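Predicted model only: the values in this text are computed from it and were never measured.
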Protein chains: 2
Amino acid sequence: MTAIDNAVCEETCLHPESIRAARAEALPEADARELAATFKILGDPTRVKMLQILSRRELCVCDIAAAVGMGQSAISHQLRLLRGARLVKYRRDGRVVWYSLDDEHIAILLAQGIEHIKHR
Amino acid sequence: MTAIDNAVCEETCLHPESIRAARAEALPEADARELAATFKILGDPTRVKMLQILSRRELCVCDIAAAVGMGQSAISHQLRLLRGARLVKYRRDGRVVWYSLDDEHIAILLAQGIEHIKHR
DNA sequence: CCAATATATGATCATGTGTTCATGTATTTA
DNA sequence: TAAATACATGAACACATGATCATATATTGG
């Protein structure tokens, strides 16, 4: 059954009122994309580990790499993605760049996610 | 710089105390993986839309397909993933299968995510 | 029991992701 | 200012992901 068939379906066989209501209250396409993009960034074990340790203390790139047991390059690439999603912020101090969570929302998101996986 | 170099790094040039502390408080590997797996499931626009409309009302498969404008097969495949991550639950009533969010945590996660993207 | 209907699933394919390697850039210090 | 150090980035490759198509399964009504 294709999307076109569903359109027919909507008129002939299912629950058109529910569909209309769902559509009316749906997230705007752009918001759905951006929200998904944020969750997608959270959806990698390396990045989860990075964010979790950053929720405890500010760390420099090489510390993060050592803490999660991965190469500096890999960590740097991942930090780029985390920056792009505004999940981390950073400050340079000489040669060293210190990273931390962008705001408290991020830690709450992580905590809520942990809540979910622990719940059973 | 590789992971092995980081181990050296830890001894010679960086912040070994921070690294030890970060490691000590790190999420267990299995938790990090499971948490990331959950977020990864949330990290797709189609699934975000599905979850968002399901946060408002219980819907059958074909309704969901019509509401998000995709084929039944695609929606069914996605529902399988959402079930696997315990993000949705379902009940069968004759030929129709009704889906809804597995619990309120999911809606909170979505809301927290929206909070993040709206924050700027 | 057979046809119709709602949903589920396997295969396929184009596209996306994450790590590594090599190299580039910026800052400090000797 | 040259070497060293900390970090960033581009290319490449193996692997995962998501939509579609075809088909299977399950439930109901005739």
J.: Could you give the CG-to-C1' distance, from B:L82 to C:dT9, as a whole number of Å?
T.: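 Answer to the nearest Å: 16 Å.
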J.: Would you give the length of the straight line joining atom CG of B:L27 to atom CD1 of A:I117, rounded to the nearest 0.5 angstrom?
T.: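 Between B:L27 CG and A:I117 CD1, I get 7.0 Å after rounding to 0.5 Å.
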J.: Could you state the atom-to-atom distance from CG of A:D44 to P of C:dG18 in whole Å?
T.: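 Atom-to-atom, A:D44 to C:dG18, this comes out as 5 Å.
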J.: Taking only residues two or more places apart in sequence or in another chain, which ones pass side chain to side chain donor-acceptor pair (under 3.5 Å) with A:Q52?
T.: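 A:Q52: no side chain to side chain donor-acceptor pair (under 3.5 Å) contacts found.
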J.: Using only side-chain N and O atoms of B:T46, determine if any of them is under 4.0 Å from OP1 or OP2 of D:dA19.
T.: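 Result: yes.
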J.: Remember a base hit wins even if backbone is also touched, and classify A:Y99 as base, sugar-phosphate or nothing at under 4.0 Å, heavy atoms.
T.: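 Sugar-phosphate contact only.
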J.: When every nucleotide of nucleotides 24-30 of chain D is labelled 5' to 3' by its protein contacts under 4.0 Å (heavy atoms), B for base, S for sugar-phosphate only, - for none, what sequence of letters results?
T.: ---BB--
J.: Just the rounded figure in Å: distance from P of D:dC7 to CZ of A:R83.
T.: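 Distance, rounded to whole Å: 12 Å.
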J.: For the pair A:R83 and A:D102, find out whether any cationic side-chain nitrogen is under 4.0 Å from an anionic carboxylate oxygen.
T.: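 Salt bridge between A:R83 and A:D102, a charged N being under 4.0 Å from a carboxylate O: no.
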J.: Within the side chain of A:R33, is there an N or O that forms a donor-acceptor pair under 3.5 Å with the backbone of B:D44?
T.: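 Not a single qualifying donor-acceptor pair exists.
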J.: Stacking between B:H77 and the base of C:dT9 (centre distance under 5.5 Å, interplanar angle under 30°)?
T.: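 So B:H77 counts as stacking on the base.
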J.: Base of C:dT19, side chain of A:S73 - is there a donor-acceptor contact under 3.5 Å?
T.: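 Donor-acceptor pair under 3.5 Å: no.
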J.: Rounded to whole angstrom units, what separation is found between the CD atom of A:Q72 and the P atom of C:dA22?
T.: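 Roughly 15 Å, once rounded to whole Å.
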J.: Rounded to whole angstrom units, what separation is found between the CE atom of A:M70 and the P atom of D:dC7?
T.: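 My rounded result for the distance is 16 Å.
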J.: Check the distance between D:dA6's C1' and A:D63's CG and give it to me in whole angstrom.
T.: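 My rounded result for the distance is 11 Å.
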J.: Can you sort out the partners of B:H105 under ring pair (Phe, Tyr, Trp, His ring centres under 6.0 Å), two or more places apart, ordered by chain and number?
T.: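 Expected list: A:H119.
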J.: Quickly work out the B:R80 CZ to D:dG18 C1' distance and round it to whole Å.
T.: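 Going from B:R80 (CZ) to D:dG18 (C1'), I get 14 Å.
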J.: Of the options C:dA11, C:dT19, D:dA8, whose atoms approach the side-chain atoms of A:L79 most closely?
T.: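 When the side chain of A:L79 is considered, D:dA8 is the closest of C:dA11, C:dT19, D:dA8.
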J.: For D:dT17, does either OP1 or OP2 sit under 4.0 Å from a side-chain N or O belonging to B:Q78?
T.: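 Indeed not, no polar side-chain atom of B:Q78 lies that close.
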J.: Nearest-nucleotide wise, let me know which of B:Y90 and B:K40 is further upstream toward the 5' end of DNA chain C.
T.: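 Of the two residues, B:Y90 wins.
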